[in-house]
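The block underneath contains the structure these notes are about, expressed in structure tokens.
In this chain, numbering begins with 1 at the start of the sequence shown.
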Amino acid sequence: MKGNLHVKDAVANINSLTASTMGGTVSVNGNYDTRDTLNPKAAVKMNVNKMSISEVFSTVRTAKRMVPLLSDASGEFTMEMDFSSAMDATLSPIMNTINAKGRMSSKEVTLKNVEVFNNIAETAKFNALKDPKLKNINIAFSIKDGRLYADPFETMISSALMNVSGSSGLDKTLDYTAKLTLPQNVSSAVDLAFDILIGGTFTKPTIKMSAASILNQVKEKVVEKIDEAKQKAVAEATAQKEKLIKTAKAQKAMLVSKAQQSADKAIEKAQKESDNLVAKAANPIAKAAAKKSGEVMIKKARTEADKMIKDAESQGDKLVKDAESQGDEMIKKASQTSIKQ
């Protein structure tokens with residue numbers, strides 16, 4: 001333990017006091033003011049690093065009275081705190097005069113014999129809440145008029161998430177609200193969140209959960225899951241529809257292309273036959289007649305070619321229309337998707 005202590009005018013000023021204790025380290029800056037000899041006061045800034053919770057709460061009486069929840073806890077914690085209080089004749093804080101503000105954090109705290117968590121575990125049917133291990137705690141807190149206030153914080157307990165805020169008093173009274181979210185494999189087909197009111201005292205806590213609230217949570221989650229499944233199914237059906245239409249259009253293009261090739265060949269054949277008739281004609285009159293016959297043949301070939309192309313386009317349009325209808329039916333069925341409840 002080392003630091004600087006300066007006493008003047010009945011005030012002891014503490015500067016850069018550091019010590020290794022209770023499994024960790026602590027540094028303190030502040031003062032102890034005895035100018036009012038009947039009402040001495042202390043005001044300090046304190047930083048704690050990786051100190052043992054079990055050692056602190058078995059050694060420091062003030063800690064045990066302010067947070068009996070941690071009396072049988074284990075783990076390490078880090079804390080920074082501004083603290084002021086009137087002091088009694090033994091240099092101990094007078095509890096109902098304590099004012100403080102700070103932040104406490106821990107990677108893991110294991111609680112033992114905490115009636116509050118035992119009651120919640122029984123109500124929620126989640127045994128991991130009995131003697132739970134709280135993960136990654138980071139709590140901003142304040143102490144005023146003998147009451148400890150915790151700002152909203154969240155922690156993992158096994159596979160469940162708990163959000164907590166509220167206060168506890170020197171009289172061991174509790175006034176907390178919590179939201180416990182249980183994972184699907186514990187509670188139901190969906191994540192289930194309980195809104196919890198915690199009152200009473202540390203030894204006799206009262207736990208209230210709203211059944212209506214729980215049912216609403218289930219309903220909301222089921223609707224959410226259905227919507228997610230529906231959106232996914234509709235998206236997949238829409239993609240499938242686009243694929244069907246693309247395939248049908250490709251088939252149409254192929255049909256029209258083949259019809260065009262056949263039409264071109266038919267016209268080309270008619271043109272050759274017409275040219276042969278004219279070439280074989282022996283005199284001008286025969287050539288004129290041959291030319292007239294050839295024109296009729298070419299015209300007929302072109303008419304048949306146009307019909308071939310038109311039929312191919314009609315057949316292709318039907319393929320596309322059938323693909324669109326099939327896709328629409330798939331989307332309709334997808335929009336009626338539901339999940340097992």
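Side-chain atoms of Q260 and D264 include a donor-acceptor pair closer than 3.5 Å. In this model, no donor atom of one side chain and acceptor atom of the other lie less than 3.5 Å apart for T18 and S27. Using a 3.5 Å distance cut-off with no hydrogens or angles, the side chains of Q326 and D322 do not pair a donor with an acceptor.
Counting only heavy atoms from C-beta outward, the side chains of T177 and I196 never approach each other to under 4.5 Å. In this structure the side chain of F77 reaches within 4.5 angstrom of the side chain of V56, judged on heavy atoms. Looking at heavy atoms from C-beta onward, V164 lies in side-chain contact with Y176 at the 4.5 angstrom threshold. Contact check for L161 versus E154: side-chain heavy atoms found under the 4.5 Å cut-off. Using a 4.5 Å heavy-atom cutoff, the side chains of T201 and K204 are in contact. A heavy-atom distance below 4.5 Å is not found between the side chains of F153 and M104. Using a 4.5 Å heavy-atom threshold, the side chains of K252 and L319 count as separate. For the pair R147 and T173, the minimum side-chain heavy-atom distance is below 4.5 Å.
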| request: Test side-chain contact (heavy atoms from CB on, under 4.5 Å) on D131 and T110 and set out the steps. | output: CA-CA 7 Å; D131 297 338; T110 301; 5.6 Å; no
| Trace of the salt bridge (charged side-chain N to carboxylate O under 4.0 Å, His left out) decision for K307 with D311 | CA-CA 6 Å; K307 185 176 183 305; D311 288 346; 2.9 Å; yes
| task | Would you sort out whether K135 and E108 count as a salt bridge (charged side-chain N to carboxylate O under 4.0 Å, His left out), showing the intermediate values? | result | CA-CA 5 Å; K135 301 282 189 178; E108 181 176 289; 2.3 Å; yes
| message | Walk me through whether N96 and I94 qualify under side-chain contact (heavy atoms from CB on, under 4.5 Å). | response | CA-CA 6 Å; N96 59 5; I94 298 173; 3.4 Å; yes
| request: May I have the step-by-step check of side-chain contact (heavy atoms from CB on, under 4.5 Å) for K101 and F141, ending in yes or no? | output: CA-CA 6 Å; K101 185 176 182 180; F141 65 89; over 6 Å; no
| task | Carefully, step by step, assess K232 and E236 under the rule side-chain contact (heavy atoms from CB on, under 4.5 Å). | result | CA-CA 6 Å; K232 182 178 179 181; E236 291 175 352; 3.4 Å; yes
| task | Run the numbers on K45 and D82 for salt bridge (charged side-chain N to carboxylate O under 4.0 Å, His left out), then give the verdict. | result | CA-CA 5 Å; K45 290 181 179 291; D82 290 347; 3.1 Å; yes
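Of all the heavy atoms in M51 and T25, the pair that sits closest is CE-O, 3.7 Å. Heavy-atom minimum distance, A312 versus L255: CB-O, 3.6 Å. Looking at every heavy atom in both residues, T34 comes nearest to A10 through OG1-O, 2.7 Å. Residues I157 and P132 approach most closely at CG2-CB, 3.6 Å, considering heavy atoms. In terms of heavy atoms, A259 sits closest to I309 at CB-CA, 4.0 Å. Nearest approach of E55 to M22, heavy atoms of both residues: OE1-CA, 3.2 Å.
Side-chain N or O atoms of D36 include none that pairs as donor or acceptor with a backbone N or O of P40 at under 3.5 Å. Counting only distance, with no hydrogens or angles, the side chain of S58 and the backbone of S54 share a donor-acceptor pair below 3.5 Å. Between the side chain of S85 and the backbone N or O of P93 there is no donor-acceptor pair closer than 3.5 Å. Of the possible donor and acceptor atoms, one in the side chain of S325 sits under 3.5 Å from a partner among the backbone N and O of K321. Side chain of S16 to backbone of G3: no donor-acceptor contact under 3.5 angstrom is found. A distance-only check finds no donor-acceptor pair linking the side chain of S92 to the backbone of D88 [under 3.5 Å]. For T238 (side chain) and V234 (main-chain N/O), a donor-acceptor pair under 3.5 Å exists by modelled atom type.
The cluster map of Ile, Leu, Val, Met, Phe, Trp and Tyr, joined by side-chain heavy atoms under 4.5 Å apart, puts M156 and I139 in different clusters. Residues F202 and M162 fall within the same hydrophobic cluster, defined by Ile, Leu, Val, Met, Phe, Trp and Tyr side chains chained together at heavy-atom separations under 4.5 Å. No single ILVMFWY cluster, assembled from side-chain heavy atoms under 4.5 Å apart, contains both V28 and V11. In terms of hydrophobic clustering, with Ile, Leu, Val, Met, Phe, Trp and Tyr side chains grouped at heavy-atom distances under 4.5 Å, V48 and L134 are assigned to a common cluster. Hydrophobic clustering of Ile, Leu, Val, Met, Phe, Trp and Tyr side chains at less than 4.5 Å, counting indirect connections, keeps L174 apart from L197.
Here Y32 contributes atom OH and M87 contributes atom CE; the two are 6.5 Å apart, rounded to the nearest 0.5 Å. The CD1 atom of I267 sits 7.0 Å away from the CG atom of D306 when rounded to the nearest 0.5 Å. Of the inter-residue distances, the one linking D145 atom CG with L148 atom CG reads 13.0 Å to the nearest 0.5 angstrom. Residue N49 holds its CG atom at 8.5 Å from CD of E76, rounded to the nearest 0.5 Å. Within the model, atoms CG of D175 and OG of S167 stand 4.5 Å from one another, a figure rounded to the nearest 0.5 Å. M46 contributes atom CE, which lies 9.5 Å from atom CG of L17 (distance to the nearest 0.5 angstrom).
Shown are E273, K272, K265; of these, the side chain to side chain contact (heavy atoms under 4.5 Å, CB included) with K269 is made only by E273.
S105 is linked by a side chain to side chain contact (heavy atoms under 4.5 Å, CB included) to T78, N138, counting only residues two or more places apart in sequence or in another chain.
Salt bridge status for D328 with K241: present, with a side-chain N to carboxylate O gap under 4.0 Å.
Counting non-hydrogen atoms of other residues, nucleotides and ligands closer than 6.0 Å to CG of L5 gives a total above 12.
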